[in-house]
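Naming: A, B, ... by sequence-line order, numbering from 1 per chain. Below, each value reflects all heavy atoms present in this structure, side chains not excepted, and no hydrogens, waters or symmetry copies.
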Amino acid sequence: MAPPSAMAPSYIAARDVTKVFDVRGRDKVHAVDPIGLTVDKGEFVALLGPSGCGKSTLLSMIAGLTPATSGDVVVDGRAVTAPLTDLGFVFQKDLLLPWRDVLSNVLVQFEMRGQRTDRHRETALRLLHSVGLEGMERRLPHELSGGMRQRVAICRALVHDPPLLLLDEPLGALDALTRDQLRIDIQRIWSRDRKTAVLVTHDIEEAVFLAQRVIVMTPRPGRIHADIPIELPFPRRLEVKETPEFLGYVRTIRQQFEALGVIHED
Amino acid sequence: MRTDVIRRALGNALWPFISFGAILLAWELVAQLGGVPDYMLPSVSQVVERGWETRDLLITHGRWTILEIVGGFALSALIAIPLGMVIVTSRLLERLLYPPIVALNSVPKVGLAPLFVVWFGFGMAPTIAMTALVTFFPLLVNTVMGLRSVDAEMIHLARVMAATRLRLFLKVRLPHALPSIFAGLKVATSLAVIGALVSEFIASDRGWGYVLVSAGGQLDTALIFAVMILLSAVATAFFYLVAAVERLVVPWHSSQRQPH
Ligand SMILES: Nc1ncnc2c1ncn2[C@@H]1O[C@H](COP(=O)(O)OP(=O)(O)OP(=O)(O)O)[C@@H](O)[C@H]1O
Ligand SMILES: [Mg+2]
């Protein structure tokens, strides 16, 4: 059998990555135990796991924002040693700059890179319109609802057309209806561009609805417990949630968590 | 729309007018009918009269004091705010500079006024130095805290957007810190008035502080009250001036939003 490196290279390859937080004066925290993870180009993968299991840490190591304690991460053929910049990152908080209007909060992506923004205005406006924010371009963040704000954050992560999208519980703070809408939006955008996407979530339905593969993580220290391909055809409409196949996946994953002791009935 | 704004402003001004009026009325009644000797508590009318008689003196000395207040405040802001920025950008500088500055802050600064006379002589220089000193710490601390309080995830976001340190500073940290810096500036306005006054008590033969001391020596209580009223008015105007600038500079901040 050929070693993994000789096979068709994955877009993201994390090899035996671990993370130990060594906060002075406290016990070491093993956030991530050896994890091996590969994501192919154009694939949508969900990292699913209980709170505190190291999902954000793993994502942050993939992006080069947090150095791994051991192991290595390769993205697009290059070892990650510094923050990646050719990606879009959406965090749980929208992180909009309160003094900038909606359009300018999207265009900040270029400003931060020292690029001129005028030639990207059209792209930004088109993106904003595509997620239902037409007429909101001049609003300040505090004039928007939480769902609108998160949409702006998503546009900001997409406007420079990055090949990779990292989403850290982007919908965690939203109500159920808005969440459904934004899941549809995210899926539409992903189906159109087929960017490689890694979504962190602790919502089983969200993972099954959006991803082609759901990776179930154990409680801290996070390891990969199961890697479940979701073979539901795209585009997935909300009705898919009532199909036996969908419910079957949700049940399988819930049983995994039960087996891990994350969920227990009594 | 416009008349609406004016009407609201007038409405807002009305209530403090009523409370101030009531206080003045009570004062006048106590002073006139309460059997308190004039040199203890002059009546409002006596204070107004005395203030009017001495208006030339009050204006000359007032100009001097206001100049010192604004000068010391500006000097302090011009040093403290940039210093705060420097401290935040470098861990080494922070460790080097911040602890001694915090330690120095525990010195009761007005006690240094006699020393400032020795160092800077008599008159405006020691007073500006004192005003700058008493306003320095809140300005520095508010700048440092404001710059530091940027969300760690915001910094991460800026890094994946390939932001340089300078751009992170100019486009994220500094605007984020402005509300905190303005909070410091507003606290500093009243401290500046105190600093200037205390310094004038001992280090000057000009200014309202000096007028207060000499009026006290002559039991000229009405003049003391007149000066105190003017000082309060100046301090209040100074505060609202800074608040107005704040409204222009950080209209987006939650503290600036009018509840409807
Ligand atoms: N900077 C840090 N210093 C010390 N410990 C940390 C740090 N960041 C994370 N941890 C710890 O590492 C563990 C994993 O954190 P992480 O944020 O990756 O979890 P998560 O899976 O994203 O959880 P959630 O779903 O609640 O966001 C947690 O126990 C956390 O306390
Ligand atoms: Mg997390």
Next on the checklist: If you count heavy atoms of other groups shown closer than 6.0 angstrom to CG of Asp118(A), is the number above 12?
Outcome noted: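 Yes, because the 6.0 Å sphere around CG of Asp118(A) holds more than 12 heavy atoms from other groups.
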Checklist entry - Is the number of heavy atoms from other residues, nucleotides or ligands within 6.0 Å of CZ (Arg78(A)) greater than 12? => result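 Open: at most 12 neighbouring heavy atoms sit under 6.0 Å from CZ of Arg78(A).
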Checklist entry - So what's closer than 4.5 Å to chain B heavy atoms on Ser56(A): side chain, backbone, both or neither? => result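 Neither; nothing under 4.5 Å.
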Next on the checklist: Counting only non-hydrogen atoms closer than 4.5 Å, does Leu97(A) touch chain B with its backbone (N, CA, C, O), its side chain (CB onward), both, or neither?
Outcome noted: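 Only the side chain of Leu97(A) comes within 4.5 Å of chain B.
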Can you tell me how far [atom2] of [Y] sits from [atom1] of [X], rounded to the nearest 0.5 angstrom?
X: Met154(B); Y: Leu96(A); atom1: CE; atom2: CG; value: 9.0 Å
X: Trp99(A); Y: His253(B); atom1: CH2; atom2: NE2; value: 10.0 Å
X: Phe89(A); Y: Arg159(B); atom1: CZ; atom2: CZ; value: 12.0 Å
X: Leu170(B); Y: Glu111(A); atom1: CG; atom2: CD; value: 11.0 Å

Item to check | Closest approach of Met112(A) to Arg167(B) (non-hydrogen atoms, all atoms of both residues) | outcome: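 Smallest heavy-atom distance, with atoms named: O-NH1, 2.8 Å.
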Item to check | Minimum heavy-atom distance Ser60(A)-His156(B), with the two atoms named | outcome: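 Closest approach of Ser60(A) to His156(B), heavy atoms only: OG-CE1, 4.2 Å.
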Item to check | Val250(B) portion near chain A, given a 4.5 angstrom heavy-atom threshold | outcome: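 For Val250(B), there is no contact with chain A at all, as no heavy atom is under 4.5 Å.
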Item to check | Neighbourhood of chain B inside residues 149-161 of chain A, taking heavy atoms under 4.5 Å as contact | outcome: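 Under the 4.5 Å heavy-atom cut-off, Arg156(A) qualify.
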